[in-house]
Amino acid sequence: MTAPAVSRTWTGAIRARAVRELPPEQMLPDRQPVYVASWIYVFGVLTLAAFLVVLVSGGVLALKGPQWWHRSSTGHFVNSLHLWSVELFMAFMVIHLWGKFFMAAWRGRRAMTWVTGAVCFLGSIGTAFTGYLVQSNLDSQWISTQAKDGLNAAGIGAFFNVLDFGQMLMWHIVLLPLVVGFVVCIHIVQVRRRGVVPPMEIDPRDAIPEEVTS
Amino acid sequence: MTAETQKWAGRTREYDLVKEFVIALLVVSVLTVALAALFSSPDEKQITISTWSRHAPNDFVLTAATELDGTSGTATYGAPYTHTADAAQKIGPVSLQHIAGVTHPVDTVTDFVITPLTGVPADSALTTALGQWQGAGTSQRQRWASSYDDALAKVTDNDPAKVPPGDYGPVPVMLNRLLTMAQSGGLDGALLAQKQFFATDYTKPLLFIADGSYLEDRARAQHLGGDQWGMMNETGNYPGQAWLWLYTFWYQVKPFSTSPNADALVWGLMALLSLALVLVPFIPGVRSIPRWVPVHRLIWRDYYRGMRPPDGYLSASDVARPVQVSRRPIGGQVHDDDAGADAGRDREHDDGEAAGASGYGGRSV
Amino acid sequence: MSLLPHGVTDVMLASGGAPIDLNHPGHYVHWGVIQISVANLIVIAVMIVLFALAIFLPFPKGRGRR
Ligand code: HEM
């Protein structure tokens with residue numbers, strides 16, 4: 001294998017590494033193995049699309065501040081968009097998870113893809129939960145006063161105070177979306193780098209990915 | 001070569017990922033708008049201490065009495081609010097709640113009753129009552145507060161007007177003025193203002209409200225109670241956090257449903273199970289389930305249907321043994337730290353069964 | 001109960017005139033230890049149906065096999 005020309009600059013080193021690790025034809029391929037032929041493959045992309053709709057509708061709510069949607073019918077509609085996109089996001093994600101589980105899609109050095117996906121799932125649950133806390137309505141009053149017991153019992157409540165609206169708002173609209181967004185990026189880059197997992201027993205005419213050498 | 005260069009060298013076909021994404025985005029956007037337009041979203045109005053004390057004044061006064069005699073939920077909570085001994089939940093001998101410490105100290109007597117009342121202007125009866133309270137010793141205060149709390153708890157509807165005369169000291173006057181203050185909305189502000197002008201931390205008013213039964217009554221009416229699987233539910237007829245089903249489930253069954261350490265135990269268990277979900281590719285047995293459940297046969301049915309032994313003389317089980325063509329070094333140290341390699345090993349174990357189920361074995365060439 | 005009219009008026013505001021108003025008291029299914037709202041049940045059922053459809057429906061045959 002030819003070693004890429006070593007650059008002495010940090011910039012050059014990063015570029016060389018990026019090109020080596022993330023070659024464009026692998027990041028955005030226009031062909032897929034023949035076995036990629038099922039509607040189940042669509043749910044990853046549907047999850048991603050729903051995530052974007054969640055981010056955009058949440059972004060509009062953020063633009064106008066947390067009180068807006070209680071007073072304005074436009075605001076209420078945007079809140080509805082946010083809520084329903086979250087329901088879609090979670091539903092698509094769980095179907096995606098079921099699919100990937102039954103395909104054992106962690107095979108062939110794809111364990112990190114599963115791990116990052118599962119972290120996305122847990123992170124999204126946390127993000128949704130803090131979302132319910134910052135609705136500033138009866139629901140969030142009840143959820144926060146109930147959830148505090150679980151978090152306190154686990155020692156988390158000492159520094160993650162669900163009764164502190166300001167703190168929860170920051171977690172919901174800044175910290176958790178950043179974390180989930182970042183992990184989603186790793187997840188998807190990981191999928192592209194490894195290529196779509198092959199069926200469990202493959203046609204001997206097709207080379208086995210593990211064995212393909214360049 | 002590195003693992004990153006592994007590429008499918010078999011048959012391929014055109015697949016437009018970007019177009020797929022754009023269509024997905026359109027579909028999800030349209031669906032979202034349709035659902036939002038059709039169903040809107042819930043927004044059950046928050047309660048305040050003011051609405052609580054106006055709609056359920058007796059519940060408010062009774063709750064305030066428990067704040068004053070130190071028997072309320074908050075007063076006896078333990079970490080992170082109070083130093084109450086033995087209140088913290090444990091997992092076995094370990095109490096993370098205790099270790100994490102009292103980071104949001106709340107003194108229900110001072111914070112919920114006395115400090116707010118000292119802000120009430122020009123009320124001579126109250127000034128006298130507060131003076132009497134401040135001048136008394138701790139045990140005297142406790143006796144007054146406890147006997148008033150007990151008396152309130154006994155009378156019909158916990159109605160302060162029906163409490164028989166007794167040695168309650170200044171307590172009835174104090175709680176009566178606290179009620180007035182609460183009904184006027186003053187207490188909502190006072191509990192926040194104990195901190196500063198700009199307030200975003202509702203710890204104290206929420207704890208106070210949650211000590212009463214008004215909030216809980218409202219929540220239970222919406223089927224939000226913990227023993228009603230309420231964590232999954234939303235107000236009204238809206239879907240809620242259905243993904244919390246497992247977390248919610250544990251609270252409904254023994255030993256959790258009857259344990260004083262339920263929260264700690266359920267959280268511990270869910271932490272373990274979440275870790276297990278993340279680590280599924282590494283857990284023997286669990287990671288083999290998809291081999292035993294033939295859903296993958298359906299997903300890849302087109303592919304399996306097109307499969308054929310390459311040469312007539314190979315038997316089906318030979319074909320299903322991809323490891324045959326493996327050029328993995330003997331000793332198999334390659335990727336041994338990786339789940340992928342384990343999957344390969346599983347494949348060896350499952351050969352016979354896999355070939356039997358695969359469907360292509362019977363096809364002659 | 002005094003709580004009800006209070007809640008109901010808030011809810012009228014909240015529904016914002018949606019064609020299908022879900023701000024009515026919810027419906028729940030009790031099944032032994034299991035209690036679930038009909039809304040959640042529908043969501044879960046739709047997910048299972050989508051999963052089944054994704055698995056059983058034929059995927060359009062792509063062009064350009066190589
Ligand atoms: C924010 C949430 C998520 C997003 C946006 C997302 C997105 C995607 C996308 C676009 C793909 C490629 C297309 C496909 O195969 O469907 C993919 C693949 C994959 N996802 Fe996710 N995913 C998410 C959550 C999850 C979860 C919760 C899991 C499982 C715990 C998971 C496991 C996987 C695996 C193993 C693959 C690789 C499939 C393969 O190699 O064939 N993902 N994901």
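Because only heavy atoms are used, hydrogens play no part in the values below, and waters and symmetry mates are left out as well, while side chains stay in. Note on naming: letters A, B, ... go to the chains in the order of the sequence lines (proteins, then strands), and numbering restarts at 1 for each one. What you see is a predicted model; the values in this text were computed from it and never measured.
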So for [X], is it side chain, backbone, both, or neither that comes closer than 4.5 Å to the heavy atoms of chain B?
X	result
A:Val42	both
A:His82	neither
A:Val56	neither
A:Thr116	neither
A:Phe92	side chain

Working to the nearest 0.5 Å, report the span between [atom1] of [X] and [atom2] of [Y].
X	Y	atom1	atom2	value
B:Leu96	A:Ile156	CG	CD1	8.5 Å
B:Glu216	A:Trp142	CD	CH2	4.5 Å
B:Tyr247	A:Phe129	OH	CZ	7.5 Å
A:Gln32	B:Thr12	CD	OG1	9.0 Å
B:Phe39	A:Leu83	CZ	CG	11.5 Å

Problem - For chain B, the option from A:Ala118, A:Ser140, A:Ala153 that forms the most heavy-atom pairs under 4.5 Å - result: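 The answer is A:Ala153.
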Handout entry: Pairs of heavy atoms under 4.5 Å with chain B: top-ranked of A:Val86, A:Leu81, A:Leu97, A:Val196
Key =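 Most heavy-atom pairs under 4.5 Å with chain B: A:Leu81.
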Exercise for the section: Examine distances only and state if a side-chain atom of B:Trp300 and a backbone atom of A:Met200 form a donor-acceptor pair shorter than 3.5 Å. Expected result: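 Checked: no pair found.
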Exercise for the section: Check whether any side-chain N or O of A:Trp114 sits under 3.5 Å from a backbone N or O of B:Leu277 as a donor-acceptor pair, and report yes or no. Expected result: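 At least one qualifying donor-acceptor pair exists.
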Problem - Atom group of B:Ile99 that falls short of 4.5 Å from chain A, counting heavy atoms - result: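 For B:Ile99, no heavy atom lies under 4.5 Å from chain A.
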